[in-house]
Amino acid sequence: MDLKTALAEEIAKGAGISAEDAAEMLETPPDPKMGDAALPCFKLAKTLRKAPPAIAAELAGKIGKPEFISEIEVQGGYLNFFYDRKRYAQDTLTQLLAAGENWGSSDIGANKTIIIDYSSVNIAKPFHIGHLSSTAIGSALYKINRFLGYHVVGVNHLGDWGTQFGKLIAAYKMWGNDDEINRDSVAAMLKLYVRFHEEAEKDESLNDLGRAWFKKIEDGDKEAMRIFGWFKELTLREAKRVYEMLDVRFDSYAGESFYNDKIPAVLDELREKHLLVESEGAYVVMLEEENLPPAIILKKDGTTLYATRDLAAAEYRKKTYDFYKNLYVVAYQQNLHFKQLFAVLKKMGHDWADDCEHVAFGMVSLEDGTMSTRHGKIVLLEDVLSRAVEKTLSIINEKNPQLENKEQVAADIGIGAVIFSTLSQNRIKDITFSFDRVLNFDGETGPYVQYTHTRCASVIARHEENSESMDVSVLENDEAFAVLKLLSSFPQTVLAASEKNEPFYITRRLVELAQAFNKYYYEYRIIDEDVCATNARIALARAVKDTLKTGLGLLGIKAPSKM
RNA sequence: GCGCCUGUAGCUCAGUUGGAUAGAGCAACGGCCUUCUAAGCCGUGUGCCAGGGGUUCGAAUCCCUUCAGGCGCGCCA
């Protein structure tokens, strides 16, 4: 049982309210000088018909001071509690040292499956910074939920279906060069695609050619499938190179084409349930009761849409994985699409539609406007990563030229910086991409947290193991106590990140922990002649190191022990 | 026109279910390395929390409204 719960029970006894209510009322004061936990007595004023300060004073007398509380103070309408710091340090460190890098893990997800649909590469399209949010958020949620005991299935819902692939093949047949494609892969495909659009402006008939080739893909034509399969393979090879760098993994690459043969069954089901109605030549599901525009399921020409395949995909996922949650990490531009998708599923009688969730995030744009693949106005993710690594390497050469494994460390720090900056704000906020910002390694950044980790690692490495016990009284100072409180609440942070699908909760907490530790580290020497005191301070450093490493790991960031 | 989202310091952002004087980082300036990694620490200044109304003992937070910006709104994904 944690301290807050224990405190709530004591308060409940004294105030004659339920422990749940007391826990609900307890809060953390804005300044640690005011206390470690506070009970605002304003709400009690109504029922008790007394002024809040009087209630606080009265409660202070009624609540027997538990041994883990060192002091109870009345301040205005607040009743403030101070923890016994020595005891707090002892308890916290004991728990943390036993847990090590598992601090914050849990089994609440046992026997539950979470599907996470993220990154979703488009075939023949470059991997640019616009894909970073989905990839980084999805991957972090993957790691976070697995840490909480969930069985997680990462799905890369490939964008591998649509007339654009017919156009691409048509372009390849006209102007393609195998050597160039093998060498430049996606860049070469993009060139073909752009040229196709340029030429089609002049010659309309090219579009028919493109449609014809797409028809061949649909019909499983041998040549069309061979070329398309080749393009797909090359695109994935390129994407996987980036995934490798980012430490991102998937359990399934079932994309749009995978669901193609599962669509007829969905259409049958929609008809059977009388949901599919003809409208302006197309077939739609009306969503008037839900206050949403109709969802188009079949086009006038009888072909399917994105939404149709997503319906098939959702049903397939439920059938195959029986998920507890089904998350779509997709930009907020698709808000309406997902509302409609879930509404249709619900109308079909699938209660599990409520377990589907759109984890939306903001747009990424460039300083001079929106990105455009077709106009080549993009920043490739690989370029960002390699520039970050390069910069890191030059910093290492300047600050720590003797470092072993420089290249590996530079990769860990540089790439970590990019991921960290992506995950350091609320999902929903738009991002204007800036090299200056991403390549800044000072302050609230990935390298800062990693640096703190190496400080811990290095001080621990200097300490000789011994069998003397800890003297935790040296951790009663404000700086150490602040570190301990942050460490102690790390598990709640992980849980909140999972519940709200917000990896940045962890990012922020790591920054706070690093700041608190750096402050402590500056003020106090860790290793000195007093063995028992040193043991306690080393234990603190070890707990910080493990927690930072765990947290960074959950974000997909490495924690080198030297940098 | 309708719907959703965003608006907090010069810039980028925090701010738990409403709670005590609204906080960080960056940028600027000034300090701190013969001692555990200075990618660090300390200090200095900055706010009509977009505007207005309301609910409440108490509002950056909840409700209404106006403004600004973004996204979306039947055959793209």
rU37(B) P sits how many Å from Ile413(A) CD1, rounded? 16 Å
Check against side chain to side chain donor-acceptor pair (under 3.5 Å), Thr303(A) and Asp301(A): CA-CA 6 Å; Thr303(A) 55; Asp301(A) 62 6; 2.6 Å; yes
Which base, if any, makes a Watson-Crick or G-U wobble pair with rG10(B), both distances under 3.5 Å? rC26(B)
Atom CD of Glu502(A) and atom C1' of rG15(B): how far apart are they, to the nearest Å? 14 Å
Less than 6.0 angstrom separating the ring centers of Phe165(A) and Phe231(A), yes or no? no
Is the closest side-chain donor-acceptor distance between Gln450(A) and Asp412(A) under 3.5 Å? no
Residue closer to the 5' end of RNA chain B, Ser424(A) versus Ser561(A) (nearest nucleotide): Ser424(A)
What I want to find out is whether Lys339(A) reaches Glu290(A) closely enough, with some N-O distance under 4.0 Å, to be called a salt bridge. no
Is the distance between the ring centroids of Tyr524(A) and Tyr522(A) under 6.0 Å? no
Between Tyr448(A) and rC41(B), is there a side-chain N or O to OP1/OP2 distance below 4.0 Å? yes
Need one value for Gln425(A): base, sugar-phosphate or nothing, where a base atom within 4.0 Å counts as base even if backbone is also close, heavy atoms only. sugar-phosphate
Under a 4.0 Å N-O cut-off, is there an ion pair linking Lys519(A) with Glu479(A)? no
Between rC5(B) atom P and Leu336(A) atom CG, what is the distance in whole Å? 13 Å
Less than 4.0 angstrom between a side-chain N/O of Lys429(A) and OP1 or OP2 of rA14(B), yes or no? yes
Taking CG from Asp31(A) and P from rA24(B), how many angstroms apart are they, rounded to a whole number? 11 Å
Examine rC76(B): is either OP1 or OP2 under 4.0 Å from a nitrogen or oxygen in the side chain of Lys299(A)? Give yes or no. yes
Strand partner of rU37(B), provided both Watson-Crick or wobble distances fall under 3.5 Å: none
Would you say a side-chain N or O of Lys519(A) is under 4.0 Å from OP1 or OP2 of rC42(B)? yes
Side-chain N or O of Arg309(A) closer than 4.0 Å to phosphate OP1/OP2 of rA77(B): yes
Starting at the 5' end of RNA chain B, which residue's closest nucleotide do you reach first, Tyr522(A) or Glu444(A)? Glu444(A)
Is Phe42(A) stacked on the base of rG19(B), with ring centres under 5.5 Å apart and planes under 30° apart? yes
Could you tell me whether the phosphate oxygens of rU37(B), OP1 or OP2, come under 4.0 Å of any side-chain nitrogen or oxygen in Arg462(A)? yes
Cationic N near anionic O, under 4.0 Å, Lys215(A) to Glu218(A): no
Round to the nearest Å and state the distance from Ile296(A) atom CD1 to rG72(B) atom C1'. 14 Å
Does the structure show a Watson-Crick or G-U wobble partner for rA60(B), both distances under 3.5 Å? Name it, or say none. none
Reckon Arg455(A) has a side-chain N or O less than 4.0 Å from the OP1 or OP2 of rA38(B)? yes
For the pair made of CG in Asn440(A) and P in rA39(B), what is the distance, rounded to whole Å? 14 Å
Length of the line joining Phe165(A):CZ and rA77(B):P, which is rounded to integer Å: 10 Å
Strand partner of rG1(B), provided both Watson-Crick or wobble distances fall under 3.5 Å: rC73(B)
Looking at Asn80(A) and rA20(B), is any side-chain donor or acceptor paired with a base atom of the opposite kind under 3.5 Å? yes
What integer distance in Å separates Ile557(A):CD1 from rA39(B):C1'? 15 Å
Does the ring of Tyr78(A) meet both stacking tests against the six-membered base ring of rA20(B): centre distance under 5.5 Å and plane angle under 30°? yes
Can you check the distance between rG23(B) and rA60(B), where both ends of the measurement are the C1' atom (answer in whole Å)? 12 Å
Please classify the nucleic acid contact of Ile428(A) as base, sugar-phosphate, or nothing, using heavy-atom distances under 4.0 Å. sugar-phosphate
